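Each chain gets a letter, A, B and so on, in the order the sequences are listed, and its residues count up from 1. Owing to the predicted nature of the structure, the values given are computational and were not obtained by experimental measurement.
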2 protein chains.
Amino acid sequence: MSLPAVAVSQSPEAKFREYLASRPKPQRFTDQQRDMINYIFSQHDHFDAEQLIEDLKRDGLGVSRATVYRTLAKLVDAGLLRRLEFGPRMFYEHDYGYPQHEHLVCEKCEKKIEFQSAAIESVIRDVAQQHHFQASGHTFIIRGTCRECNQAKMTKRRLDLI
Amino acid sequence: MSLPAVAVSQSPEAKFREYLASRPKPQRFTDQQRDMINYIFSQHDHFDAEQLIEDLKRDGLGVSRATVYRTLAKLVDAGLLRRLEFGPRMFYEHDYGYPQHEHLVCEKCEKKIEFQSAAIESVIRDVAQQHHFQASGHTFIIRGTCRECNQAKMTKRRLDLI
DNA sequence: GGGTAATCGATAATAATTATCGATATTATA
DNA sequence: TATAATATCGATAATTATTATCGATTACCC
Ligand SMILES: [Mn+2]
Ligand SMILES: [Mn+2]
Ligand SMILES: [Zn+2]
Ligand SMILES: [Zn+2]
């Protein structure tokens, strides 16, 4: 966990049940939803639908692909998860109980490094105001090569020269 | 065209031919590539593969879907086009002869508003240095509702109240 | 102009996600 | 607690964007 958690008053499950109850048409809370929330909030990381399906299966919790996609959409809508557009597939991470932040993504090893930046928040505010734009969200990703992958490349280059 | 163009010494076609010639294995310049470059650089906008295929067809220039995708990849590699990850499909825009900038994207009308920000460039430099990360590119998109769509919503709300 | 091989077009394949629909399980009510 | 109503589930088909395949075409060097 690379950033300090944010204090919250409710458990993720309680927050989700509150969301379900507040919908115009009543929504039900199911065993599959409970299993997914328990698994997802047992650790902070960046995951996609396919990984989650595999991880749940490994833990003996069989949740179908369709239900995983459906529930992820609800968790995002409920404010529990944040969607991340890294490349061709969607990734997800904690939103509830975790601070706003941005990512460095390594193109070699897929590692995600988190950082916070007040400057970006202020750019968003300023630009939105200038263009009378009502901002609702943003994506900021810096792509490149992480320290470890850089060192590996350097070492290889040094060896190649011998 | 919302931002001032950058002066360049070569035509896009000349630049692309130079790129083809500089490849380790010789690459050929085809009629389809010429047609695509001529069409794409006749205007500055944000387009995806499907739109480009339709537009070329409308102009009597039939370029197959496979060739459009193949050539777009080459144009990006040659530095003529920049790839934009707006939502589920890839978009493209001029890179050669056009300044670095970021986007506000309206979720209602799909409009793309361009803006430049020195602050973002400096955030990227600082964060990369702090994490010993070799940055090679970035994505910065602010999502929300544009001025016009906001006004439309406001007007509708006002009418609803009557 | 002729030979070689890069590129083309048509179409099949892939990958991620969404839609369909009969079976199942949650919730409200008697 | 049993029952009825219907939201959700799982299996699978469909969709969408993109990439791979492969025989036909054509750019480029001589
Ligand atoms: Mn993160
Ligand atoms: Mn642009
Ligand atoms: Zn790495
Ligand atoms: Zn708009």
Side-chain angles (χ1 to χ4, degrees), chain A residues 13-14 16-39 46-57 60-78 81 83-92 110 139, chain B residues 13-14 16-39 46-57 60-78 81 83-92 110 139:
Chain A
E13 179 176 319
F16 187 60
R17 300 191 81 135
E18 192 174 84
Y19 160 83
L20 292 176
S22 74
R23 300 282 80 193
K25 295 196 176 173
Q27 304 207 173
R28 294 172 181 174
F29 184 68
T30 68
D31 292 353
Q32 291 85 349
Q33 291 166 354
R34 179 177 35 69
D35 289 347
M36 283 181 61
I37 291 174
N38 284 342
Y39 179 79
H46 308 89
F47 61 93
D48 63 15
E50 203 59 38
Q51 279 174 246
L52 183 57
I53 292 164
E54 284 172 33
D55 291 354
L56 291 169
K57 190 174 291 169
L61 306 167
V63 182
S64 73
R65 189 178 315 279
T67 295
V68 166
Y69 275 102
R70 278 187 289 239
T71 304
L72 285 173
K74 289 189 182 191
L75 292 172
V76 169
D77 198 47
L81 294 182
R83 258 176 177 261
L84 303 170
E85 292 201 8
F86 296 152
R89 60 168 148 279
M90 286 297 175
F91 278 73
Y92 300 84
E110 301 285 290
T139 296
Chain B
E13 180 177 319
F16 187 60
R17 299 191 82 135
E18 192 173 83
Y19 159 83
L20 293 176
S22 73
R23 301 281 79 194
K25 293 194 179 177
Q27 302 206 176
R28 293 173 181 173
F29 184 67
T30 68
D31 291 355
Q32 290 86 348
Q33 291 167 355
R34 179 178 34 71
D35 289 347
M36 282 180 62
I37 291 173
N38 285 342
Y39 178 79
H46 308 88
F47 61 93
D48 64 13
E50 203 58 38
Q51 279 174 247
L52 183 56
I53 292 164
E54 283 172 34
D55 290 354
L56 290 169
K57 190 175 291 169
L61 306 168
V63 182
S64 72
R65 187 177 316 280
T67 296
V68 166
Y69 276 102
R70 278 188 288 240
T71 304
L72 284 172
K74 290 187 181 191
L75 292 173
V76 169
D77 198 46
L81 294 182
R83 263 179 173 256
L84 303 171
E85 292 200 8
F86 297 152
R89 61 169 149 279
M90 285 298 175
F91 278 73
Y92 299 85
E110 300 286 289
T139 296

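We find that CZ of Phe86(A) is positioned 17 Å from C1' of dA16(C), with the value rounded to whole Å. Separating the NZ atom of Lys25(B) from the P atom of dT7(C) is a distance of 11 Å, rounded to the nearest angstrom. In this structure, CZ of Arg23(A) is placed 11 Å from P of dT8(D), rounded to the nearest angstrom. Distance, Arg34(B) CZ to dT26(D) P: 13 Å, rounded to whole Å. What separates CZ of Arg89(B) from P of dT19(D) is a distance of 14 Å, to the nearest Å. Nucleotide dT21(D) holds its P atom 12 Å from the CZ atom of Arg70(B), rounded to whole Å. Distance CG (Asp35(A)) to C1' (dT8(D)): 14 Å, rounded to an integer number of Å.
Proximity of Asp48(B) to Phe86(B): side-chain heavy atoms (C-beta onward) are nowhere separated by under 4.5 Å. You'll find the side chain of Thr71(B) reaches within 4.5 Å of the side chain of Leu75(B), heavy atoms only. Within the 4.5 Å cutoff, no side-chain heavy atoms of Glu50(A) are placed close to those of Arg89(A).
Here Tyr69(A) reaches the OP1 or OP2 of dT17(C): one of its side-chain N or O atoms lies under 4.0 Å away. The side chain of Thr67(B) places an N or O atom within less than 4.0 Å of a non-bridging phosphate oxygen (OP1 or OP2) of dG9(C). Phosphate proximity of dC9(D) to Thr30(A): present, with a side-chain N or O under 4.0 Å from OP1 or OP2.
Residues Ala66(B) and Pro26(B) each lie close to DNA chain C; by heavy-atom proximity, the contact nearer the 5' end of the strand is made by Pro26(B). Heavy-atom nearest nucleotides on DNA chain D were determined for Phe29(B) and for Pro88(B), and the one closer to the 5' end corresponds to Pro88(B). Residue Gly62(A) is the one, among Gly62(A) and Met90(B), whose nearest nucleotide of DNA chain D lies closer to the 5' end (criterion: closest heavy atom).
When every heavy atom of Val68(B) is checked against every heavy atom of Met36(B), the shortest pair comes out as O-CE, 3.7 Å. Across Gln33(B) and Leu20(B), no two heavy atoms sit closer than the pair OE1-CD1, 4.0 Å. Of all heavy-atom pairs between Ile37(B) and Phe29(B), the closest is CD1-CE1, 4.2 Å.
Within residues 46-57 of chain B, no residue has any heavy atom closer than 4.0 Å to DNA chain C.
Not a single donor-acceptor pair, N or O on each side, falls under 3.5 Å between the base of dA11(D) and the side chain of Arg65(A).
The pair Arg34(A)-Asp31(A) meets the salt-bridge criterion, since a charged nitrogen lies less than 4.0 angstrom from a carboxylate oxygen.
Distances from the side chain of Gln32(A) to the nucleotides dA7(D), dG10(D), dA10(C) place dG10(D) closest.
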